[in-house]
Number of protein chains: 2
Amino acid sequence: MPAPRGFVEVRCVLARRDVGLNKNKDMAAGIETFNLKEYMAEKARLVNEALDMAVPLRYPHKIHESMRYTLLAGGKRVRPILALASCELVGGDESVAVPVACATEMIHAMSLIHDDLPCMDNDDLRRGQPTNHRAFGEDTAILAGDALLSLAFEHVAARTTGVPAERVLWAVSELGSTVGSQGLVAGQIVDIASEGKEVDLEVLEYIHTHKTARLLEAAAVCGAIVGGGGDTEVERLRSYARCVGLLFQVVDDILDVTKTSEELGKTAGKDQASSKTTYPKLLGLDKAREFAQTLMRKAEDELAGFDRVRAAPLYHLAHYIALRQT
Amino acid sequence: MPAPRGFVEVRCVLARRDVGLNKNKDMAAGIETFNLKEYMAEKARLVNEALDMAVPLRYPHKIHESMRYTLLAGGKRVRPILALASCELVGGDESVAVPVACATEMIHAMSLIHDDLPCMDNDDLRRGQPTNHRAFGEDTAILAGDALLSLAFEHVAARTTGVPAERVLWAVSELGSTVGSQGLVAGQIVDIASEGKEVDLEVLEYIHTHKTARLLEAAAVCGAIVGGGGDTEVERLRSYARCVGLLFQVVDDILDVTKTSEELGKTAGKDQASSKTTYPKLLGLDKAREFAQTLMRKAEDELAGFDRVRAAPLYHLAHYIALRQT
């Protein structure tokens with residue numbers, strides 16, 4: 001079988017045979033004709049245009065500059081792409097999912113801004129640029145986060161068209177619980193409380209499923225909801241996205257111990273140098289790799305019941321995350 | 001005409017004849033049989049119970065303790081009461097407005113927590129108690145605000161029953177724009193930018209209509225929306241609540257210069273001692289009183305087309321705010 005096309009290179013955290021690329025030949029066949037890199041670039045363009053229009057630069061200028069600074073700073077737009085792909089997977093037109101897609105990115109931007117603050121993670125740089133509070137001041141950064149968060153809900157409620165109102169409300173409710181005290185906020189508060197402590201596997205998983213996986217879940221779920229998906233489809237996509245979110249963290253932990261700083265483009269071995277608990281530290285490297293394989297297979301299994309051509313983006317996205325090298 | 005019952009005492013900022021209590025005899029007659037104090041206490045009990053249930057104390061405990069600390073700290077619950085009264089005024093059952101009523105109080109609590117932070121107003125005390133960040137730390141306080149804000153939207157979307165979904169979405173959208181970069185956040189950012197500067201009447205009104213009046217507006221508007229009000233009714237209540245919100249600020253400014261600290265129960269003359277711009281400072285005391293009268297009359301006019309018995313709570317509430325002595 002030829003290597004899947006896309007931007008995944010040859011040297012792999014997980015050997016390809018381990019992550020199940022051969023498991024479902026029909027699905028793999030669909031994937032071979034699919035170019036993830038092009039797909040993601042095209043969807044990111046669509047999302048970036050929609051985000052640009054959602055936050056025009058108007059009075060009071062400073063708050064809008066601050067909101068746009070983080071929201072339009074680039075990134076792969078994985079969450080919005082999950083929303084658009086899930087919408088299409090259940091048979092919806094991607095245009096109906098653009099508002100929920102933008103909302104997940106507004107929420108993501110808010111969480112980056114607030115998590116970077118001096119009283120939280122105290123980061124001065126993000127992707128080589130000053131963090132929002134370094135560029136605009138702490139007061140403006142906090143308010144920009146608040147404004148992005150409320151805009152996410154307003155945007156979904158006011159801009160989603162061609163979808164029954166009950167479904168839009170369902171998406172609003174899903175997004176609300178994603179952020180709140182049982183979602184992103186819960187993950188961040190447990191992460192802060194665990195700082196400098198050894199935590200067990202249960203707590204580690206709690207942090208990652210809440211801080212990272214939960215918003216990916218909401219993106220896939222909301223895309224499927226506005227796309228007209230049934231309950232089973234929505235829950236399959238939730239499970240798929242949760243696995244992918246956790247997989248992202250496990251692979252991140254593995255790369256930190258297996259790669260050089262040069263290969264990663266950032267400081268390697270940071271987790272080991274700090275007292276941060278990671279999967280390789282708790283499980284050992286081999287078991288951590290096995291866990292990644294299990295998550296990868298589970299994500300793949302959740303896609304098995306869907307149309308194989310429509311499932312190609314999500315199938316390939318999971319592989320990209322599993323096989324990424326940086 | 002006897003003095004209106006309620007908890008408004010005799011010594012008034014505005015003489016009663018000035019604020020139009022005699023203007024509409026029918027309405028005034030309805031008011032004489034209405035006890036605002038009892039009404040507000042009864043509604044506050046209902047709201048407090050609903051808020052207590054909306055944020056149960058569960059894992060992670062610290063974030064829920066922090067959310068509950070500010071949310072359940074008491075207060076008159078003016079915003080939720082506006083929502084309930086507006087719902088009933090347009091013929092709705094008050095039970096359908098309880099979720100939007102709670103949402104306005106969650107948003108209010110969020111704005112208090114974030115505005116009190118060291119990088120904003122840097123307040124250590126609120127109503128004689130340590131502010132949220134003094135009690136729980138800045139990180140938890142910021143996250144508690146974020147969680148309360150997202151819960152507000154989730155609560156409305158998931159808990160409103162017996163209302164067409166389109167109307168619930170309309171309320172979600174209204175609440176979103178209330179908080180965002182054209183709402184509360186806009187008011188706070190312009191207020192911060194104006195600190196230590198003399199501002200003109202236009203900027204002063206911008207700050208107060210956004211920081212204070214906007215959420216009162218949303219409360220009345222959302223109550224009317226879920227209560228089944230027509231567009232004209234909704235907009236009349238918006239205008240009523242905007243006038244009442246601005247009136248609150250104008251009266252606050254007047255009390256600061258006309259009362260002693262003993263009478264106010266807080267430091268009088270604070271505004272004069274600081275460089276804060278106020279209505280008496282910009283307009284002079286007489287013109288500021290005239291402006292308060294104008295707002296009071298406009299608020300009253302907006303209620304004139306409604307059923308007079310149902311309008312009594314809102315009519316009386318406006319008078320209570322105009323005539324309050326502390």
Side-chain angles (χ1 to χ4, degrees), chain A residues 55 58-60 62-64 66-67 107 110-111 114 117-120 133 137-158 160 164-186 188-190 192-193 206, chain B residues 55 58-60 62-64 66-67 107 110-111 114 117-120 133 137-158 160 164-186 188-190 192-193 206:
Chain A
V55 188
R58 54 185 163 174
Y59 184 81
K62 192 178 178 187
I63 190 70
H64 294 97
S66 170
M67 292 165 77
I107 290 170
M110 175 282 292
S111 77
H114 283 188
L117 287 166
C119 66
M120 304 257 203
H133 65 273
E138 277 183 62
D139 46 4
T140 302
I142 292 170
L143 292 169
D146 295 347
L148 283 166
L149 182 53
S150 54
L151 180 61
F153 297 101
E154 182 191 355
H155 198 69
V156 172
T160 307
E166 289 79 6
R167 284 196 171 255
V168 186
L169 274 184
W170 182 7
V172 167
S173 179
E174 172 71 25
L175 288 171
S177 66
T178 296
V179 180
S181 62
Q182 302 289 298
L184 296 181
V185 163
Q188 177 70 356
I189 204 108
V190 173
I192 290 172
Y206 185 93
Chain B
V55 189
R58 53 185 163 175
Y59 183 81
K62 192 178 178 187
I63 191 71
H64 294 97
S66 170
M67 291 164 77
I107 291 170
M110 176 283 292
S111 77
H114 284 189
L117 287 166
C119 67
M120 303 256 204
H133 65 274
E138 277 184 62
D139 46 5
T140 302
I142 291 171
L143 292 169
D146 294 346
L148 283 166
L149 182 53
S150 54
L151 180 60
F153 297 102
E154 182 191 355
H155 198 70
V156 171
T160 307
E166 289 78 7
R167 282 194 173 256
V168 185
L169 275 184
W170 182 7
V172 167
S173 179
E174 173 71 25
L175 288 171
S177 66
T178 295
V179 180
S181 61
Q182 302 288 298
L184 296 182
V185 164
Q188 177 70 354
I189 204 106
V190 173
I192 290 171
Y206 185 93

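Below, read A as the first sequence line, B as the second, and so on, with proteins coming before strands; counting in each chain starts at 1.
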Handout entry: When B:P118, B:G145, B:A171, B:A165 are compared by non-hydrogen pairs under 4.5 Å with chain A, the top option
Key = B:A165

Problem - Note, A:F153 side chain near B:L149 side chain (heavy atom, < 4.5 Å) - result: no

Exercise for the section: Rounded to the nearest 0.5 Å, what's the gap from CG on B:D139 to NE2 on A:H114? Could you check? Expected result: 13.0 Å

Problem - Contact winner vs chain B - A:L151, A:I189, A:T160, A:T178, heavy-atom pairs under 4.5 Å - result: A:I189

Handout entry: Sidechain-backbone polar pair: A:E138 side chain, B:M120 backbone, donor-acceptor under 3.5 Å
Key = no

Practice task
Heavy-atom distances under 4.5 Å only: say whether B:Y206 touches chain A with side chain, backbone, both or neither.
Solution key: side chain

Handout entry: Heavy-atom closest contact (B:S181 atom, A:A147 atom, distance)
Key = N-CB, 3.9 Å

Problem - Pick from A:V55, A:V190, A:I142, A:L143 with the largest number of heavy-atom pairs that fall under 4.5 Å of chain B - result: A:L143

Fill in the blank from the handout: Most contact-rich option vs chain A, by heavy-atom pairs under 4.5 angstrom, among B:G180, B:A144, B:S177, is B:S177

Problem - Flag side-chain contact, heavy atom, 4.5 Å: A:D146 against B:L184 - result: no

Fill in the blank from the handout: Between A:E154 and B:S173 the two heavy atoms that sit nearest each other are CG-O, 3.7 Å

Exercise for the section: State whether the side chain of B:Q182 and the backbone N or O of A:Y59 hold a donor-acceptor pair below 3.5 Å, judged by distance alone. Expected result: yes

Practice task
List for me each residue that meets side-chain contact (heavy atoms from CB on, under 4.5 Å) alongside A:A141, sequence neighbours excluded, and say none if there are none.
Solution key: A:I113, A:L117, A:N132, A:H133

